[in-house]
Amino acid sequence: MLPAPPPLRRGLLATAGALTALGLGAEVADFASGRQVPGALVAFLSLSHEGNLPTWYASGLLLTCALALAGIARAAGLGGDPARRHWWALMGAFAYLSMDESVGLHEHLGGLFSWGGVLFFTWVVPAAVIVLLVGLAFLPFLARLPSRRRKQFILAGVLYVGGALGVELPLGWWTEQHGNDNLVYALIDHVEEALELVGASLFLAALVEELGARGVLTTSGEAAHGAGPDGLG
(Lines give C-alpha, C1' and ligand atoms only; values in the text may rest on other atoms or scores of the structure.)
Protein backbone atom coordinates (compact mmCIF):
# COMPACT_ATOMS: atom_id res chain seq x y z
CA MET A 1 0.00 0.00 0.00
CA LEU A 2 2.72 2.43 0.96
CA PRO A 3 6.27 2.58 -0.40
CA ALA A 4 9.24 2.05 1.87
CA PRO A 5 10.15 5.28 3.64
CA PRO A 6 12.84 7.10 1.64
CA PRO A 7 14.87 7.54 4.86
CA LEU A 8 15.27 3.75 5.05
CA ARG A 9 16.69 3.56 1.54
CA ARG A 10 18.90 6.58 2.13
CA GLY A 11 20.10 5.17 5.44
CA LEU A 12 21.03 1.82 3.92
CA LEU A 13 22.86 3.46 1.02
CA ALA A 14 24.62 5.89 3.37
CA THR A 15 25.81 2.99 5.52
CA ALA A 16 27.11 1.16 2.46
CA GLY A 17 28.88 4.32 1.33
CA ALA A 18 30.40 4.93 4.75
CA LEU A 19 31.76 1.39 5.02
CA THR A 20 33.19 1.60 1.50
CA ALA A 21 34.79 4.98 2.21
CA LEU A 22 36.32 3.81 5.49
CA GLY A 23 37.74 0.67 3.94
CA LEU A 24 39.06 2.45 0.88
CA GLY A 25 40.53 5.22 3.00
CA ALA A 26 42.39 2.72 5.15
CA GLU A 27 43.79 0.93 2.09
CA VAL A 28 44.87 4.13 0.31
CA ALA A 29 46.41 5.56 3.47
CA ASP A 30 48.28 2.31 4.05
CA PHE A 31 49.83 2.20 0.58
CA ALA A 32 50.45 5.97 0.44
CA SER A 33 52.29 5.91 3.76
CA GLY A 34 54.48 2.96 2.86
CA ARG A 35 52.51 0.54 5.01
CA GLN A 36 52.62 2.71 8.12
CA VAL A 37 48.94 2.23 8.97
CA PRO A 38 48.46 -0.50 11.60
CA GLY A 39 47.70 -3.75 9.82
CA ALA A 40 44.95 -4.62 12.29
CA LEU A 41 43.10 -1.41 11.40
CA VAL A 42 43.30 -2.08 7.67
CA ALA A 43 42.17 -5.67 8.16
CA PHE A 44 39.23 -4.50 10.27
CA LEU A 45 37.98 -1.88 7.80
CA SER A 46 39.02 -3.05 4.33
CA LEU A 47 36.42 -4.60 2.06
CA SER A 48 39.24 -6.75 0.64
CA HIS A 49 39.59 -8.65 3.91
CA GLU A 50 37.28 -11.25 5.42
CA GLY A 51 35.89 -11.67 8.92
CA ASN A 52 35.78 -7.95 9.66
CA LEU A 53 33.30 -5.08 10.02
CA PRO A 54 32.20 -4.89 6.34
CA THR A 55 31.82 -8.68 6.20
CA TRP A 56 29.68 -8.67 9.34
CA TYR A 57 27.48 -5.91 7.98
CA ALA A 58 27.11 -7.50 4.53
CA SER A 59 26.21 -10.86 6.05
CA GLY A 60 23.68 -9.21 8.36
CA LEU A 61 22.20 -7.23 5.48
CA LEU A 62 21.67 -10.40 3.45
CA LEU A 63 20.22 -12.22 6.45
CA THR A 64 17.78 -9.33 6.99
CA CYS A 65 16.73 -9.71 3.34
CA ALA A 66 16.12 -13.40 4.02
CA LEU A 67 13.97 -12.60 7.05
CA ALA A 68 11.98 -10.02 5.08
CA LEU A 69 11.47 -12.57 2.31
CA ALA A 70 10.24 -15.09 4.87
CA GLY A 71 7.65 -12.56 6.05
CA ILE A 72 6.53 -11.93 2.47
CA ALA A 73 6.39 -15.67 1.72
CA ARG A 74 4.26 -16.32 4.80
CA ALA A 75 1.88 -13.50 3.89
CA ALA A 76 1.73 -14.81 0.32
CA GLY A 77 0.88 -18.28 1.59
CA LEU A 78 -1.88 -16.99 3.85
CA GLY A 79 -3.31 -15.05 0.92
CA GLY A 80 -3.19 -18.01 -1.46
CA ASP A 81 -0.62 -16.32 -3.69
CA PRO A 82 0.77 -18.90 -6.18
CA ALA A 83 4.11 -17.06 -6.10
CA ARG A 84 4.65 -18.05 -2.48
CA ARG A 85 7.09 -20.80 -3.54
CA HIS A 86 9.22 -18.22 -5.35
CA TRP A 87 9.31 -16.04 -2.25
CA TRP A 88 10.36 -19.00 -0.12
CA ALA A 89 13.02 -19.94 -2.67
CA LEU A 90 14.38 -16.40 -2.55
CA MET A 91 14.43 -16.58 1.23
CA GLY A 92 16.54 -19.73 1.06
CA ALA A 93 18.88 -18.17 -1.50
CA PHE A 94 19.52 -15.11 0.64
CA ALA A 95 19.99 -17.19 3.76
CA TYR A 96 22.68 -19.07 1.85
CA LEU A 97 24.24 -15.82 0.58
CA SER A 98 24.40 -14.53 4.15
CA MET A 99 26.24 -17.66 5.29
CA ASP A 100 28.48 -17.62 2.24
CA GLU A 101 29.42 -14.00 2.92
CA SER A 102 30.75 -15.06 6.30
CA VAL A 103 32.52 -18.30 5.43
CA GLY A 104 33.30 -17.96 1.69
CA LEU A 105 31.79 -21.24 0.47
CA HIS A 106 31.71 -19.99 -3.13
CA GLU A 107 35.49 -20.01 -3.30
CA HIS A 108 35.40 -23.82 -3.30
CA LEU A 109 33.11 -24.04 -6.35
CA GLY A 110 35.98 -23.73 -8.78
CA GLY A 111 38.40 -26.05 -7.07
CA LEU A 112 38.21 -28.64 -9.85
CA PHE A 113 39.19 -26.16 -12.58
CA SER A 114 42.53 -24.61 -13.40
CA TRP A 115 42.09 -21.64 -15.72
CA GLY A 116 43.58 -18.20 -15.98
CA GLY A 117 43.00 -14.70 -17.23
CA VAL A 118 39.56 -13.30 -16.40
CA LEU A 119 38.63 -16.80 -15.19
CA PHE A 120 41.47 -16.89 -12.68
CA PHE A 121 38.81 -17.13 -9.97
CA THR A 122 37.19 -20.18 -11.53
CA TRP A 123 34.24 -20.26 -9.15
CA VAL A 124 32.59 -17.60 -11.34
CA VAL A 125 31.87 -20.25 -14.01
CA PRO A 126 29.59 -22.55 -11.97
CA ALA A 127 28.19 -19.50 -10.19
CA ALA A 128 27.29 -17.86 -13.52
CA VAL A 129 25.56 -21.04 -14.66
CA ILE A 130 23.54 -21.16 -11.44
CA VAL A 131 22.60 -17.48 -11.72
CA LEU A 132 21.53 -17.96 -15.36
CA LEU A 133 19.35 -20.97 -14.56
CA VAL A 134 17.77 -19.31 -11.55
CA GLY A 135 17.19 -16.12 -13.55
CA LEU A 136 15.40 -18.03 -16.29
CA ALA A 137 13.30 -19.91 -13.76
CA PHE A 138 12.24 -16.64 -12.12
CA LEU A 139 11.28 -14.80 -15.31
CA PRO A 140 7.57 -15.66 -14.94
CA PHE A 141 7.72 -14.54 -11.30
CA LEU A 142 9.23 -11.19 -12.30
CA ALA A 143 6.70 -10.76 -15.08
CA ARG A 144 3.84 -11.08 -12.58
CA LEU A 145 5.24 -8.47 -10.21
CA PRO A 146 3.91 -4.91 -10.25
CA SER A 147 5.96 -2.63 -12.49
CA ARG A 148 7.54 -0.75 -9.61
CA ARG A 149 8.62 -3.87 -7.76
CA ARG A 150 9.94 -5.48 -10.93
CA LYS A 151 12.12 -2.44 -11.65
CA GLN A 152 13.40 -2.39 -8.09
CA PHE A 153 14.28 -6.08 -8.09
CA ILE A 154 15.97 -5.95 -11.49
CA LEU A 155 18.06 -2.91 -10.55
CA ALA A 156 19.12 -4.47 -7.25
CA GLY A 157 19.92 -7.77 -8.95
CA VAL A 158 21.97 -6.20 -11.73
CA LEU A 159 24.05 -4.27 -9.22
CA TYR A 160 24.59 -7.21 -6.90
CA VAL A 161 25.37 -9.80 -9.58
CA GLY A 162 27.36 -7.25 -11.57
CA GLY A 163 29.58 -6.76 -8.55
CA ALA A 164 29.77 -10.36 -7.37
CA LEU A 165 30.40 -11.90 -10.80
CA GLY A 166 31.08 -9.12 -13.31
CA VAL A 167 33.82 -7.28 -11.43
CA GLU A 168 35.36 -10.60 -10.38
CA LEU A 169 36.53 -11.06 -13.99
CA PRO A 170 38.91 -8.07 -14.18
CA LEU A 171 39.88 -8.73 -10.56
CA GLY A 172 40.91 -12.26 -11.51
CA TRP A 173 42.96 -11.04 -14.48
CA TRP A 174 44.74 -8.45 -12.34
CA THR A 175 45.40 -10.94 -9.56
CA GLU A 176 47.01 -13.41 -11.96
CA GLN A 177 49.22 -10.69 -13.44
CA HIS A 178 50.13 -8.66 -10.35
CA GLY A 179 48.96 -10.49 -7.23
CA ASN A 180 46.58 -9.24 -4.57
CA ASP A 181 48.94 -7.21 -2.42
CA ASN A 182 48.68 -3.87 -4.24
CA LEU A 183 46.46 -0.83 -4.39
CA VAL A 184 44.89 -1.59 -7.77
CA TYR A 185 43.67 -4.95 -6.48
CA ALA A 186 42.16 -3.20 -3.47
CA LEU A 187 40.44 -0.61 -5.68
CA ILE A 188 38.90 -3.21 -7.99
CA ASP A 189 37.82 -5.32 -5.04
CA HIS A 190 36.23 -2.28 -3.37
CA VAL A 191 34.17 -1.61 -6.50
CA GLU A 192 32.94 -5.21 -6.38
CA GLU A 193 32.03 -5.12 -2.70
CA ALA A 194 30.45 -1.68 -2.96
CA LEU A 195 28.17 -2.83 -5.79
CA GLU A 196 27.11 -5.82 -3.72
CA LEU A 197 26.32 -3.63 -0.72
CA VAL A 198 24.33 -1.16 -2.81
CA GLY A 199 22.42 -3.94 -4.57
CA ALA A 200 21.53 -5.68 -1.31
CA SER A 201 20.56 -2.35 0.28
CA LEU A 202 18.17 -1.48 -2.56
CA PHE A 203 16.70 -4.97 -2.46
CA LEU A 204 16.05 -4.75 1.28
CA ALA A 205 14.35 -1.37 0.86
CA ALA A 206 12.12 -2.88 -1.84
CA LEU A 207 11.30 -5.85 0.39
CA VAL A 208 10.29 -3.56 3.26
CA GLU A 209 8.03 -1.76 0.83
CA GLU A 210 6.53 -5.08 -0.24
CA LEU A 211 5.91 -6.01 3.39
CA GLY A 212 4.05 -2.73 3.80
CA ALA A 213 2.02 -3.36 0.66
CA ARG A 214 0.95 -6.74 2.02
CA GLY A 215 -0.05 -5.25 5.36
CA VAL A 216 2.75 -7.01 7.25
CA LEU A 217 4.31 -3.65 8.12
CA THR A 218 2.75 -0.22 8.42
CA THR A 219 4.46 3.02 7.44
CA SER A 220 3.65 6.61 8.25
CA GLY A 221 1.59 8.78 5.95
CA GLU A 222 4.66 10.82 5.14
CA ALA A 223 6.20 7.76 3.45
CA ALA A 224 3.44 7.74 0.89
CA HIS A 225 4.94 10.82 -0.73
CA GLY A 226 8.24 9.04 -1.44
CA ALA A 227 7.36 7.75 -4.89
CA GLY A 228 4.62 7.19 -7.42
CA PRO A 229 3.15 3.78 -8.14
CA ASP A 230 5.54 2.96 -10.94
CA GLY A 231 8.63 5.01 -10.12
CA LEU A 232 11.66 3.93 -8.18
CA GLY A 233 11.19 6.81 -5.77
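Model, not experiment: these values are computed from the prediction.
Using a 30° and 60° split on the angle between ring planes, H86 and F141 fall in the parallel class, below 30°.
Side-chain contact between L155 and K151: absent, with no pair of heavy atoms (C-beta onward) separated by less than 4.5 Å. In this structure, the side chains of Q152 and E210 stay at 4.5 Å or more apart for every pair of heavy atoms. With contacts defined as side-chain heavy-atom distances shorter than 4.5 Å, the pair R150/S147 qualifies. E168 has its side chain within reach of L171: a pair of non-hydrogen atoms, C-beta onward, lies under 4.5 Å apart. Counting heavy atoms from C-beta outward, V118 and P170 have side chains that stay 4.5 Å or more apart.
Taken together through direct or relayed side-chain contacts under 4.5 Å among Ile, Leu, Val, Met, Phe, Trp and Tyr, L142 and W87 form part of one hydrophobic cluster. Hydrophobic clustering, with ILVMFWY side chains joined whenever heavy atoms are under 4.5 angstrom apart, groups L145 together with V134. Cluster annotation: V208 is connected to V216 through the hydrophobic network of ILVMFWY side chains, with a link wherever side-chain heavy atoms come within less than 4.5 Å. Linking ILVMFWY residues whenever their side-chain heavy atoms come closer than 4.5 Å, directly or via other members, leaves L63 and L90 in distinct clusters. Under a hydrophobic clustering in which Ile, Leu, Val, Met, Phe, Trp and Tyr are joined whenever their side-chain heavy atoms come within less than 4.5 Å, directly or via other members, L67 and W88 fall into different clusters.
Between the CG atom of L97 and the CG atom of D100 there is a distance of 6.5 Å, given to the nearest 0.5 Å. Here the CG-OH distance, from L53 to Y57, works out to 10.0 Å after rounding to the nearest 0.5 Å. Going from atom CD of E209 over to atom CG of L204 covers 11.5 Å, rounded to the nearest 0.5 Å.
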Output, in order, the C-alpha distance, side-chain angles, deciding distance and verdict of side-chain hydrogen bond (donor to acceptor under 3.5 Å, both in side chains) for W174 and N180.
-> CA-CA 8 Å; W174 181 268; N180 60 7; over 6 Å; no
Test ring-ring contact (aromatic ring centres under 6.0 Å, His included) applied to F203 and Y160, step by step = CA-CA 9 Å; F203 189 60; Y160 188 87; 9.0 Å; no
Could you check L61 against L12 for side chain to side chain contact (heavy atoms under 4.5 Å, CB included), going step by step and ending with a plain yes or no?
-> CA-CA 9 Å; L61 182 63; L12 289 170; 4.2 Å; yes
Given side chain to side chain contact (heavy atoms under 4.5 Å, CB included), test V125 with W115 step by step and report yes or no.
-> CA-CA 10 Å; V125 177; W115 295 329; 3.2 Å; yes
Stepwise, does the side chain to side chain contact (heavy atoms under 4.5 Å, CB included) test hold for L13 with L202?
-> CA-CA 8 Å; L13 293 177; L202 291 176; 4.1 Å; yes
Would you tabulate the side-chain donor-acceptor contacts of residues 27-34 under 3.5 Å, counting partners in other chains and residues two or more places apart, or write 'none'?
{"from": "E27", "atom 1": "OE2", "to": "S46", "atom 2": "OG", "distance (Å)": "2.4"}
{"from": "D30", "atom 1": "OD2", "to": "R35", "atom 2": "NE", "distance (Å)": "3.3"}
{"from": "S33", "atom 1": "OG", "to": "A29", "atom 2": "O", "distance (Å)": "2.7"}
{"from": "S33", "atom 1": "OG", "to": "D30", "atom 2": "O", "distance (Å)": "3.2"}
{"from": "S33", "atom 1": "OG", "to": "Q36", "atom 2": "N", "distance (Å)": "3.1"}

Mind listing the side-chain donor-acceptor pairs of residues 183-190 below 3.5 Å, one per line with the distance, residues two or more places apart or on another chain?
{"from": "D189", "atom 1": "OD2", "to": "S48", "atom 2": "OG", "distance (Å)": "3.1"}
{"from": "H190", "atom 1": "ND1", "to": "A186", "atom 2": "O", "distance (Å)": "2.7"}
{"from": "H190", "atom 1": "NE2", "to": "L24", "atom 2": "N", "distance (Å)": "3.3"}

Only pairs under 3.5 Å count here: list side-chain donor-acceptor contacts from residues 69-84, not counting sequence neighbours, and write none if there are none.
{"from": "D81", "atom 1": "OD1", "to": "A83", "atom 2": "N", "distance (Å)": "2.9"}
{"from": "D81", "atom 1": "OD2", "to": "R214", "atom 2": "NH2", "distance (Å)": "3.2"}
{"from": "R84", "atom 1": "NH1", "to": "D81", "atom 2": "O", "distance (Å)": "3.1"}

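Proximity of a side-chain donor or acceptor of S98 to a complementary backbone N or O of F94 within less than 3.5 Å is not detected. Looking only at distances, a side-chain donor or acceptor of N52 sits under 3.5 Å from a matching main-chain atom of A43. Between the side chain of R9 and the backbone N or O of A205 there is no donor-acceptor pair closer than 3.5 Å. Looking at S201, its side chain does come within 3.5 Å of a backbone N or O of L197 through a donor-acceptor pair.
Nearest heavy-atom pair, A194 versus T20, reported as atom, atom and distance to 0.1 Å: CB-OG1, 3.7 Å. Here the closest heavy-atom approach between residue A213 and residue R149 is recorded as CB-NH2, 4.1 Å. Across all non-hydrogen atoms, the minimal contact from A200 to L62 is CB-CD2, 4.1 Å. For E101 against E193, the heavy-atom pair with the smallest separation is OE2-OE1, 4.1 Å. A66 and A95 get closest at one heavy-atom pair: CB-N, 3.7 Å. Nearest heavy-atom pair across L165 and A128 is CD1-CA, 3.9 Å.
Residue-environment remark: CZ (R144) exceeds the threshold of 12 foreign heavy atoms within 6.0 Å.
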